[in-house]
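From a predicted model like this one, the values you see are computed outputs, not experimental measurements. Every chain is numbered from 1, with letters handed out A, B, ... down the list of sequences.
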Amino acid sequence: MRIVFMGTPEFAVPSLEALLASEDQIVGVVTQPDRPKGRGHELAPPPIKLIAQRSGIPFLQPLKIRTAEFLESLAAWKPDLIAVTAFGRILHAPILNLPSMGCVNVHGSLLPKYRGAAPVQWAVINGETETGITTMLMDEGMDTGAMLLQERIPILPEDTAGTVVPRLAELGGRLLVETIRQLKAGAMTPRAQDSTQATMAPLLKKEDGVIDWTGSAQSIINRIRGMSPWPGAYTFHGQERWNIWKAVAVPEPAQAQPGTLVTVTKQSIRVATGNGVLEILEIQTANSKRMPVGQFLAGHRIDSGVRLGTATV
RNA sequence: CGCGGGGUGGAGCAGCCUGGUAGCUCGUUGGGCUCAUAACCCAAAGGUCAGAGGUUCAAAUCCUCUCCCCGCAA
């Protein structure tokens, strides 16, 4: 069978690799254009482009999807099926209708929950204890297509978005190949999503990392976990921005206003929250790298009683 | 040429503006105190101040270049 793959970031890599290892033929790859990245403004190719180049598969990096030119290029590959993992663009009807077997999408959540661009992150932020992969037949909506296969994995208390994503990506590759296998065998019955149960997981914004100290210690920890490794959860100590990468809840009641540094020792910083006390374990300040709180305190004088929160201007 | 910060004993930082004997909080090692300790007290070891060149009687400090790291922005 002739398959075209569409995907862009690291998350899509295991999907493409699984397809390459399968019995079907990958006749073309579509990924997003190289984008300026990093400190200079060097153009960085998306990970999927590198795989395509290495494998000698023809690839396209269209600036715009909805052009006659792109549609023609796609049609020239004569795909029976298009597989999509984290491509980052909405496909419209002319593309969806192109392959006879339709377009299969790999999504990193247990649909219909967490439709959108950042399903893993929001699942962790909301304190979910499990998530998974859903494959579906794409339609024109945002992750609204009929579901094909679904498999669950646990989210552990120590997990961050950064540790869950690779596991899901691997699972996504396996499930994608299995989905295609069953589709070819005609053994697949798509199930419509129950839209009344749907929730949205929009792309993370910088501001989503702001820590609300009036929340519970556990909810703050979940946010820190979900925002790691990008874009990071942060608060302000006076003018200085503190990125907090790791924290634990301390089993004692908060005796001070939320955000107050209740205990500062040589080894630890404890902060009052709206419900419980939070101990910061790993911190990063501007121009510095992330480090254990003990090291941070060795070189910085921090007084207890200070209130963390919005930058005082 | 996107903006900015930084590289100082093993770790994190100060000192640089206003050149002139290398400092702080830890860690390490030895000793002491203690029922005991990650606590406390005393002592010691450990640094070509990222690298190269320049200015100077004298450079961690001023000037130039190189390498590496980080934040913002994308």
Side-chain-base donor-acceptor pair under 3.5 Å for A/Asn243 and B/rG71:
no

Give one of base, sugar-phosphate or nothing for A/Arg35, where a contact means two heavy atoms less than 4.0 Å apart.
nothing

B/rA50 pairs with, by Watson-Crick or G-U criteria that keep both distances under 3.5 Å:
B/rU66

G-U wobble or Watson-Crick pairing nucleotide for B/rU28 (cut-off 3.5 Å, both distances)
B/rA44

Of A/Thr285 and A/Gln295, the one whose nearest nucleotide on RNA chain B sits closer to the 5' end is A/Gln295

Figure out the CG/C1' separation between A/Asn287 and B/rC70, and round it to whole Å.
7 Å

Using the P atom as the reference point in each nucleotide, state the distance between B/rU37 and B/rA45 in Å, no decimals.
27 Å

For atom C1', what is the distance between B/rG9 and B/rA60, given to the nearest Å?
14 Å

Would a hydrophobic clustering, with Ile, Leu, Val, Met, Phe, Trp and Tyr connected at side-chain separations under 4.5 Å, put A/Val262 with A/Ile211?
no

Using atom P of each nucleotide, how far apart are B/rU61 and B/rC1 to the nearest Å?
32 Å

Under 6.0 Å from the NZ atom of A/Lys246, do we count more than 12 heavy atoms belonging to anything else shown?
no

Between P of B/rU25 and CD1 of A/Ile269, the distance in whole Å:
18 Å

Could you check which nucleotide pairs with B/rC33 in any of the strands shown, counting Watson-Crick or G-U wobble with both distances under 3.5 Å?
none

Rounded to whole Å, how long is the line connecting atom CG of A/Leu297 with atom P of B/rC26?
11 Å

Applying the side chain to side chain contact (heavy atoms under 4.5 Å, CB included) test to A/Val104, which of A/Leu183, A/Val84, A/Thr85 qualifies?
A/Leu183

A/Lys37 NZ to B/rA74 C1', straight-line distance once rounded to whole Å:
10 Å

If only side-chain N and O atoms of A/Lys206 are considered, is one of them under 4.0 Å from the OP1 or OP2 phosphate oxygen of B/rA73?
yes

Salt-bridge criterion met for A/Arg167 and A/Glu170 (N-O under 4.0 Å):
no

Expressed in whole Å, how much space separates the P atoms belonging to B/rG20 and B/rG15?
14 Å

Within this structure, what is the CH2-to-P distance between A/Trp230 and B/rG71, rounded to whole angstrom?
13 Å

Look at A/Arg241 and B/rC72 and indicate whether a side-chain polar atom (N or O) is within less than 4.0 Å of OP1 or OP2.
yes

Partner of B/rA38 by Watson-Crick or G-U wobble geometry, both contacts under 3.5 Å, or none?
none

Output for pair (A/Ser109 OG, A/Gln150 CD), nearest 0.5 Å, gives 7.5 Å

Taking the side chain as every heavy atom from C-beta outward, state whether A/Glu178 and A/Glu151 have any pair of such atoms under 4.5 Å apart.
no

Protein-nucleotides 38-41 of chain B N/O pairs under 3.5 Å:
| residue | atom | partner | partner atom | Å |
| --- | --- | --- | --- | --- |
| B/rC40 | OP1 | A/Lys266 | NZ | 2.8 |

If I pick the C1' atom on B/rG47 and the same atom on B/rC13, what distance separates them, to the nearest angstrom?
15 Å

Ionic contact status for A/Glu128 with A/Lys113, cut-off 4.0 Å
no

If we take the P atom in both B/rU21 and B/rC62, what is their distance in whole Å?
16 Å

If pairing requires Watson-Crick or G-U wobble contacts with both distances under 3.5 Å, which nucleotide is the partner of B/rG71?
B/rC3

Rounded P spacing from B/rA59 to B/rG53 in Å
13 Å

Parallel, tilted or perpendicular: which describes the rings of A/Phe236 and A/Tyr234, with under 30° parallel and over 60° perpendicular?
perpendicular

How are the rings of A/Phe296 and A/Trp242 set to each other: parallel, tilted or perpendicular (split at 30° and 60°)?
perpendicular

Separation of the C1' atoms in B/rA52 and B/rC68, to the nearest angstrom
15 Å

In whole Å, what is the span from the NZ atom of A/Lys289 to the C1' atom of B/rC68?
10 Å

Between A/Arg39 and A/Gly294, who's closer to the 5' end of RNA chain B by nearest nucleotide?
A/Arg39

Distance in angstrom units between A/Leu203 CG and B/rA74 P, rounded:
13 Å

Figure out the NE2/P separation between A/His300 and B/rC26, and round it to whole Å.
15 Å

